[in-house]
Number of protein chains: 2
Amino acid sequence: MPRPSTPLLSPDRIRSVALAIIDRDGLDGLSMRKLAAELGVQAASLYGHVRTKDQLLNDIASSILSTVDVSGFTVDWREGLIRCARSYRAALSSHPNIVPFLAYGPAGREESLQRLDLLHGALVDAGWSRREATMIAAGLMYIVFGSALSSFSSGFSSDPADYTDRYPHLDRAHLLPGVARELDRDSFELALAAFVRGL
Amino acid sequence: MPRPSTPLLSPDRIRSVALAIIDRDGLDGLSMRKLAAELGVQAASLYGHVRTKDQLLNDIASSILSTVDVSGFTVDWREGLIRCARSYRAALSSHPNIVPFLAYGPAGREESLQRLDLLHGALVDAGWSRREATMIAAGLMYIVFGSALSSFSSGFSSDPADYTDRYPHLDRAHLLPGVARELDRDSFELALAAFVRGL
DNA sequence: CGACTAACCGAACAGTGTTAGGTTAACTCA
DNA sequence: TGAGTTAACCTAACACTGTTCGGTTAGTCG
């Protein structure tokens, strides 16, 4: 089937189906052949629209990061930090399966740097030194990414029975999926609040 | 060369050479064939000593995590938290290339849980509720893993020239490898101090 | 000495990302 | 309208990956 009347593929369509596969089957569940099949096409055809799989993932990651909103610095910097972190976390947790890739790759991602730059500028305006501002922004990212990764990997499947035997202090309530998500969010909020308050 | 007089392989030797490869060539640089070659052996032979590659990585991860020291809670809980976090970070940053695997896999790792259990117990003894203790421990892990991941990925290779153009606020000093490590450590210490102080 | 196990090897399987070369539809321009 | 070019797909293959099967032999135990 050579050159169909209306093109089957476009970078946008590829990205969106790829992200759907990642959301459904996890990061390892995405292969070029599977992606092609789901697009009704052979694997090789993808390479006319996408330079490489890594690049594809990077593009997807960037498009996710670009939904982060850092425009909350009008009030004061503490509130701004908290809003920015929440927005980051929201973006990441909407597609948790891609977070390991995000964390794996270079942190020097275009979209990330743009937002860090804004954040940094706002902190400097608030009176922090450049170096302090960098470290504060880094600390914020620690909490955001640490939280995103932990929630991703909280797919516990231990047996709650011997769990209590071996770890008597730990509350086993967080093994329940529903509770886990809520606890994750509360832990994030607590860490964020403590961090900002402690500055 | 079937069944040599003295065995060439042992789980320990496999683990140690595998970790050396990871440290040298990164996580993706480890393949069973390469590992086998470096052990003077064929790939298939590994499977007499190791159930699967994933299991091998898990074992390595566990042995790294088991070097974490959480015995610093004798003084007060704040100091205990800080020491525990430092020890965790030290363990992770001694083998930064394996951190993505650690973060990827289930957080419910045996060695991790054992230490979290101790930490949790100490926090409860100090007067926190069980739920609060869980969240505090989680927050601490956010900072530890976030920091470990960021340092891993600080292998920036951007061009410092257009860097300043595009991100005017950001200090580009951290692009220098030596400074990056120091800044990473300082950011970690700042985040940790702020978090603990803010509790 | 014979049986058995433990340790390694060669070859293969199914899967991966990626490339080269071919085929044909759609577009461009005289 | 017709020729030439480009763009979009295909088939086939390459070099990998983790893993398994069946074989071969050295060491060990009865």
Side-chain angles (χ1 to χ4, degrees), chain A residues 1-62 97-98 100-102 104-106, chain B residues 1-62 97-98 100-102 104-106:
Chain A
M1 188 178 295
R3 179 119 183 165
S5 33
T6 72
L8 302 170
L9 264 33
S10 78
D12 270 348
R13 207 165 98 78
I14 294 177
R15 274 195 287 271
S16 111
V17 172
L19 183 53
I21 294 180
I22 290 175
D23 285 342
R24 172 163 43 84
D25 302 339
L27 197 53
D28 293 342
L30 176 73
S31 82
M32 296 304 269
R33 286 176 172 83
K34 185 165 167 185
L35 171 57
E38 220 139 303
L39 286 158
V41 123
Q42 291 301 114
S45 311
L46 297 173
Y47 288 85
H49 305 261
V50 162
R51 214 158 54 81
T52 167
K53 184 189 182 182
D54 213 69
Q55 186 59 53
L56 171 61
L57 287 173
N58 266 302
D59 291 347
I60 294 174
S62 290
N97 288 345
I98 211 182
F101 174 80
L102 258 178
Y104 184 92
Chain B
M1 188 175 295
R3 179 118 181 164
S5 30
T6 72
L8 301 170
L9 265 34
S10 76
D12 270 347
R13 206 164 99 78
I14 293 177
R15 274 195 288 270
S16 111
V17 172
L19 182 54
I21 294 179
I22 291 175
D23 286 341
R24 171 163 44 86
D25 302 338
L27 198 53
D28 292 343
L30 177 74
S31 81
M32 297 304 268
R33 284 176 173 82
K34 187 164 165 185
L35 171 57
E38 220 138 304
L39 286 160
V41 124
Q42 292 299 114
S45 311
L46 297 173
Y47 289 84
H49 304 263
V50 163
R51 215 158 54 82
T52 167
K53 183 187 183 183
D54 213 70
Q55 185 59 53
L56 171 61
L57 286 173
N58 265 302
D59 290 348
I60 293 174
S62 290
N97 288 344
I98 212 182
F101 175 80
L102 259 178
Y104 183 92

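Quick caveat, the model's predicted, so the values are computed rather than measured. Chain identifiers are assigned alphabetically (A, B, ...) following the order of the sequence lines, protein sequences preceding nucleic acid strands; residue numbering begins at 1 within each chain.
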Just how far, in rounded Å, is P of C/dT18 from CZ of A/Arg51? 10 Å
Reported CG-to-CG distance for the pair B/Leu57 and B/Leu19, which is rounded to 0.5 angstrom: 10.0 Å
Picking from C/dC8, C/dA20, D/dC21, the nucleotide nearest the side-chain atoms of B/His49 would be C/dC8
May I ask you to verify if any side-chain N or O of B/Thr52 is less than 4.0 angstrom from the OP1 or OP2 atom of D/dT19? yes
Between C1' on C/dC9 and CG on B/Leu46, what's the gap in Å once rounded to a whole number? 12 Å
Could you list by number each residue of residues 24-37 of chain A showing a heavy-atom separation from DNA chain C of less than 4.0 Å, or answer none if no residue does? A/Leu30, A/Ser31, A/Met32, A/Arg33
Is a side-chain donor or acceptor of B/Asn97 paired with a backbone partner of B/Asp23 at a separation under 3.5 angstrom? yes
Rounded at 0.5 Å granularity, tell me how far CG in B/Leu46 sits from CD1 in B/Ile14. 5.0 Å
Straight-line distance of A/Leu9 CG to A/Leu35 CG, nearest 0.5 Å: 8.0 Å
Take the C1' atoms of the five end pairs on each side of the helix from C/dC1-D/dG30 to C/dA30-D/dT1, derive the two axes, and give their angle rounded to 10 degrees. 0°
Between B/Asp25 and B/Lys34, which heavy-atom pair has the shortest distance, and what is it? OD2-NZ, 2.9 Å
Against the side chain of B/Leu9, the closest entry in D/dT19, C/dC8, C/dG10 is C/dC8
Looking for any heavy atom pair under 4.0 Å, which part of the strands does A/Gln42 touch: base, sugar-phosphate only, or nothing? base
Does B/Ser45 place a side-chain N or O at less than 4.0 Å from the phosphate oxygens OP1/OP2 of C/dA7? no
When you match B/Asp54 and A/Gly48 each to their closest nucleotide on DNA chain D, which lands nearer the 5' end? A/Gly48
Any donor-acceptor N/O pair, B/Lys53 side chain to B/Met32 backbone, under 3.5 Å: no
A/Tyr47 has an atom OH; how far is it from atom C1' of D/dA7, in whole Å? 19 Å
Just the rounded figure in Å: distance from C1' of C/dC8 to CZ of B/Arg13. 14 Å
Among D/dT11, C/dT18, C/dC9, which nucleotide sits nearest the side chain of A/Ala43? C/dT18
